[in-house]
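These notes are about the structure you will find just below.
The sequence lines fix the lettering, A, B, ..., with proteins before strands; numbering per chain opens at 1.
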2 protein chains.
Amino acid sequence: MNIKDIAKISGVGISTVSRVLNNSGVVSDATRARVMSVVKQYNYVPNSNARNLKMTQSNTIALMVKGISNPFFANMIKEVERQVHLRGCPLLIQHIEDGVDEIGAAVQLVKEKNLCGVIFMGGTYDHSEEEFKQLTVPFVLTTITTIKEVDPSVFSSVSIDDVHSAYKATNYLISLGHRSICFLARFPLVENTIGNRRLLGYKKALEEHGIPYDPAFVEDCEYAPSFGFAAAKRLMNKNKGATAMFAASDAIAIGVAKAVLSSGLSIPGDMSIVGFDGIEMAEYYHPSLDTISQPGVEMAHVSVETLFDLIAGETANKHIVFESLLVKRGSSRKIN
Amino acid sequence: MNIKDIAKISGVGISTVSRVLNNSGVVSDATRARVMSVVKQYNYVPNSNARNLKMTQSNTIALMVKGISNPFFANMIKEVERQVHLRGCPLLIQHIEDGVDEIGAAVQLVKEKNLCGVIFMGGTYDHSEEEFKQLTVPFVLTTITTIKEVDPSVFSSVSIDDVHSAYKATNYLISLGHRSICFLARFPLVENTIGNRRLLGYKKALEEHGIPYDPAFVEDCEYAPSFGFAAAKRLMNKNKGATAMFAASDAIAIGVAKAVLSSGLSIPGDMSIVGFDGIEMAEYYHPSLDTISQPGVEMAHVSVETLFDLIAGETANKHIVFESLLVKRGSSRKIN
DNA sequence: GATGTGTATCGAAACGATTCGAATGTCGAA
DNA sequence: TTCGACATTCGAATCGTTTCGATACACATC
């Protein structure tokens, strides 16, 4: 069942059916009604492969995401799907494994499927300006850290200020009297990752308060509870005097909390904890975990909006920086 | 840059390029090398819209999923993506909102994009045999409850035995001496949902031990901590004598635990808790939550495997039922 | 009646791939 | 030299759309 069949059955020309289906051009009401009734009767759905081929343009959006199973991203992905779907576009999701060239994969996908836009989510991008320029369709980087110096006019982005956010968290702990504050994040070999950016904020806060930076207080740690647990154990062994831990993700913070509590210590009695992200599970931990909350859903929403603006012809790339929020719930306390 | 260009530059015919790219038919080594070098030089990627159009067949898989942001599903989705990607196929993800006709949406997608397979994940399907039969491509139902009686030869499925799993959990609590056991799950208006199935197991265990079923011990509850929290509060108010709570998801169980702990009660001292799913966060809760663990990642893996077997020509539909596992971690205790 | 102006419609060409029947070239045997 | 057999390669037709230039008709104007 194709457009030709519909045309024949309706007793009209092919182009008329096309115009009816796409609401383009003029069609008399009578003809439109006749065609639509045939379309409905036969449950005709236009073939998008043919359409995309002819238009050299599909309406498919691709989402390239690292850490698809991280609850923080899971919520964002859901919102991206919702917003993209709302605009009548299919969403292709590709999970980016470590070490894969995201931009290259996207470039290939764009050529192959004539995508109309790409959203990149999460991780650290080590790409040059030339590589970004290979993307011939609009794209948005969401919660992504870029390493190389790339002209901001080349890409759009939605993010928070990681340095300042970590600075706020550390500052908060310092203001409560803590001076032995541990920091947990992922530090891949490359520089300037999210972990490194947050480390910068952590260091800056320490420095401003004359607290010497001690690498022994910092642990490399994947963004998951099990890694947070193990890293916190190591930190507690190394640094008997530590009174606070700042984790670069709530998933880590939950592991940290578990390590503290299962050692027989109390939170915030013996150890104060601050996480990062603002996932629901951290709020329902006991005690509820303090955190730097990112407006993930809103960021996802704005990412899609920005992308569709670009698709609609907007030429100026935007860089939207959201405010993170220090949420105090009771996993930190004032000490002497 | 299309196949014709590549052919011209390589000095060969169009079909030769096609045969080189698809490893079909005979091509002399010299020609193959020449064509491949041109392909590489120009970064040529075949247009899949044209390919799919001509073949009336794409290699795209669609995943229709309810509860995309539920951490249990998030892990499964990741595995589905990984497995599908491994087989060189793009993955289209569509989140199913409440009240949407999943099968209808999939049927449309199949017609529109000539998909080669569909995976449905999560939720309760209220579809007749005729509706399933409209799906003209292989598909697999993963962790899905079907309401209507549908001939099993019509679809493939991957699941656990919900009734028996809930029975195991309830039995466990009863074996510890509990007789006032609350149950929390989602009960939509339709019958035979996952919640209802697990309720059946819960009731069966009670009945076998001569414990009368009391509807006051059961609360309707979405699969998220906030709902678990509120429902547990209601249950504790209604039933002062309750000593245990069985939640139909770990997300709920975390909310329940929070409600109990924040009321000043202890787990498992004053209240025993068992969850369902086996998500990492429940393990790192304090105390670690007992749960009925489903092998989600493995189920996702097998779903993709089953789907690709069907795509490869396997004609017999399979129904794979995984064993759930009662994981005892310390959120339940023996009472007199 | 000839002409002009809109309105509604038509259908051929094109998008970029696959594929099959046909064509070309090479080589050994008759 | 001619022929068949085999190994390669070629290109036209096709998939199901969109779109643009062309057409057909009605009606008002001159």
Side-chain angles (χ1 to χ4, degrees), chain A residues 1-36 38-39 42-60 88 90 108-116 136-137, chain B residues 1-36 38-39 42-60 88-90 108-116 136:
Chain A
M1 184 55 62
N2 56 27
I3 201 174
K4 215 183 277 180
D5 296 328
I6 298 293
K8 204 175 294 171
I9 298 172
S10 313
V12 300
I14 294 176
S15 53
T16 301
V17 176
S18 177
R19 269 161 21 235
V20 168
L21 291 171
N22 297 295
N23 269 321
S24 63
V26 223
V27 183
S28 74
D29 290 350
T31 308
R32 154 162 289 118
R34 192 144 37 92
V35 171
M36 283 311 287
V38 173
V39 164
Y42 289 87
N43 271 321
Y44 166 69
V45 179
N47 181 308
S48 67
N49 289 131
R51 179 171 216 276
N52 297 343
L53 173 59
K54 175 58 195 168
M55 316 256 292
T56 53
Q57 226 303 319
S58 86
N59 61 344
T60 303
Q108 173 146 348
L109 220 47
V110 167
K111 279 192 196 171
E112 191 179 316
K113 306 204 155 293
N114 297 117
L115 300 182
C116 69
T136 51
V137 298
Chain B
M1 184 55 61
N2 56 27
I3 200 172
K4 214 183 280 179
D5 297 328
I6 298 292
K8 203 173 295 170
I9 297 171
S10 313
V12 301
I14 294 176
S15 54
T16 301
V17 176
S18 176
R19 269 162 20 237
V20 167
L21 292 170
N22 298 293
N23 267 321
S24 63
V26 226
V27 183
S28 74
D29 291 348
T31 308
R32 154 162 291 117
R34 190 145 37 92
V35 170
M36 284 310 288
V38 173
V39 164
Y42 290 87
N43 271 321
Y44 166 69
V45 179
N47 181 306
S48 67
N49 290 130
R51 179 171 214 278
N52 297 344
L53 172 60
K54 174 59 192 163
M55 316 258 288
T56 54
Q57 228 300 325
S58 86
N59 60 345
T60 304
C89 299
Q108 173 147 348
L109 221 47
V110 168
K111 279 192 197 170
E112 192 179 314
K113 307 205 156 290
N114 297 117
L115 299 181
C116 67
T136 52

At what distance, to the nearest 0.5 angstrom, does CG of A:N49 lie from NZ of B:K113? 6.5 Å
Over how many whole Å does the gap from B:N49 atom CG to C:dT18 atom P extend? 13 Å
Does OP1 or OP2 of C:dT18 have a side-chain N or O of B:N22 closer than 4.0 Å? yes
Nucleotide D:dC15, atom C1' - distance to CE of A:M1 in whole Å: 16 Å
Determine yes or no for a side-chain-to-main-chain donor-acceptor pair under 3.5 angstrom, with A:K111 supplying the side chain and B:N43 the backbone. yes
Report each atom pair, protein N/O against N/O of nucleotides 23-25 of chain D, whose distance is under 3.5 angstrom.
none

Phosphate OP1/OP2 of D:dT17: any A:Y44 side-chain N/O under 4.0 Å: yes
Determine all donor-acceptor pairs shorter than 3.5 Å in which one atom belongs to a side chain in residues 8-21 of chain B; sequence neighbours excluded.
from: B:S10; atom 1: OG; to: B:I6; atom 2: O; distance (Å): 2.6
from: B:S18; atom 1: OG; to: B:N22; atom 2: ND2; distance (Å): 3.4
from: B:R19; atom 1: NH2; to: B:V26; atom 2: O; distance (Å): 3.3

Calculate the interatomic distance between B:K8 atom NZ and C:dG16 atom C1'; express it in whole Å. 13 Å
In whole Å, I'd like the distance from the CD atom of B:E112 to the P atom of D:dG16. 15 Å
List the atom of A:N23, the atom of A:R32, and the distance in Å for their closest heavy-atom pair. OD1-NH2, 3.3 Å
The helix from C:dG1-D:dC30 to C:dA30-D:dT1: angle between terminal helix axes, five bp per end, to the nearest 10 degrees, reads 80°
State, without any angle test, whether A:N2 and A:N47 hold a side-chain donor-acceptor pair at a distance under 3.5 Å. no
Return the polar atom pairs (N/O with N/O) between nucleotides 21-24 of chain C and the protein under 3.5 Å, or none.
none

Between atom CG of A:N59 and atom SG of A:C116, what is the distance when rounded to the nearest 0.5 Å? 6.0 Å
Backbone N/O of A:N114 and side chain of A:S58: donor-acceptor pair under 3.5 Å: yes
What string of B, S and - do you get for nucleotides 4-15 of chain C 5' to 3' if you count protein non-hydrogen atoms under 4.0 Å? ----SBBB--BB
In this structure, how many angstroms lie between the C1' atom of D:dT18 and the CG atom of A:N23, rounded? 15 Å
Measure from CD on B:Q57 to C1' on D:dT14 and round the result to the nearest Å. 17 Å
N/O donor-acceptor pair under 3.5 Å between A:T60 side chain and A:P90 backbone: no
One should read off an interatomic distance between A:M36 CE and A:D29 CG, to the nearest 0.5 angstrom, of 13.0 Å
In whole angstrom, give the distance that lies between atom CG of B:N52 and atom C1' of D:dT14. 15 Å
If I take atom CG from residue A:L115 and atom CD from residue A:Q57, how far apart are they, to the nearest 0.5 angstrom? 9.5 Å
Hits for side chain to side chain contact (heavy atoms under 4.5 Å, CB included) against B:K54, two or more places apart or cross-chain, chain-then-number order -> none
